[in-house]
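Have a look at the structure below, then the notes.
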Amino acid sequence: EAQVTQNPRYLITVTGKKLTVTCSQNMNHEYMSWYRQDPGLGLRQIYYSMNVEVTDKGDVPEGYKVSRKEKRNFPLILESPSPNQTSLYFCASSPGAGYGYTFGSGTRLTVV
Amino acid sequence: QKEVEQNSGPLSVPEGAIASLNCTYSDRGSQSFFWYRQYSGKSPELIMFIYSNGDKEDGRFTAQLNKASQYVSLLIRDSQPSDSATYLCAVKSQGGSYIPTFGRGTSLIVHP
């Protein structure tokens, strides 16, 4: 089944404890992105990648890191999480420019 | 700053009626337009895309694009309670990296 897989689905952590949210797609898509979704603010792009080793900042990159060492994987790293990073996170992938995204199931992160 | 505007709703329609969802965008260079459906607690799902002026139909869904007026609409015919969800409009500009801008979504409620 073609899909984008994110893990974990739910995560509660403490301020300052480094964490990684994994994302993997099995559709051989070129493009991958991370979004966060907050009530009243909609979907905001954190980082995106157009190919292996090619990443760039989205609208809200502060406090996040990403890497794209393999085509299928695009992990999101929070080196020192803070409570304002409590949110619902989505990973998404696309075959290329002009195509829509396929979204993962989401990761609900709570930072206390 | 590229903007995509949607009325947050909720838009309430009776079962069997036509639901009309609208989206306006600020960037005249926008080339690709997408509609996503997001059920509460779930990830967005691509339901329609349109690139050219005019209408595009897919089952009960019709996307309408008017580039001169910078708006895109989604019509849902014979609305069903299962169509109750938030509908997100996304717009991508011509060229450059693939960075779609999402609207904040319109909540649709279809009541029996």
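Computed over heavy atoms, backbone and side chain alike; hydrogens, waters and symmetry mates excluded. Lettering follows sequence order; numbering is per chain, from 1.
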More than 12 heavy atoms of other groups within 6.0 Å of B/Phe49 CZ: no
CD1 (B/Ile18) with more than 12 external heavy atoms under 6.0 Å: no
Qualifying residues under side-chain contact (heavy atoms from CB on, under 4.5 Å), relative to B/Gln38, sequence neighbours excluded: A/Gln37, A/Phe90, B/Pro44, B/Leu88
Any residue meeting side-chain contact (heavy atoms from CB on, under 4.5 Å) with B/Asp58, in chain and number order, not counting sequence neighbours: B/Met48
Hydrophobic cluster membership, B/Tyr71 vs B/Val91, 4.5 Å side-chain cutoff: no
Residue pairs involving residues 41-54 of chain B (criterion side-chain hydrogen bond (donor to acceptor under 3.5 Å, both in side chains); sequence neighbours excluded): B/Arg37-B/Glu45
Residues of residues 104-112 of chain A contacting chain B, heavy-atom criterion under 4.5 Å, by residue number: A/Gly104, A/Ser105
For A/Tyr101 against B/Leu46, the heavy-atom pair lying closest together: O-CB, 4.1 Å
Donor-acceptor contact below 3.5 Å, side chain B/Tyr36 vs main chain A/Gly100: no
Within one Ile-Leu-Val-Met-Phe-Trp-Tyr cluster: B/Ile47 and B/Phe102, side-chain cutoff 4.5 Å: no
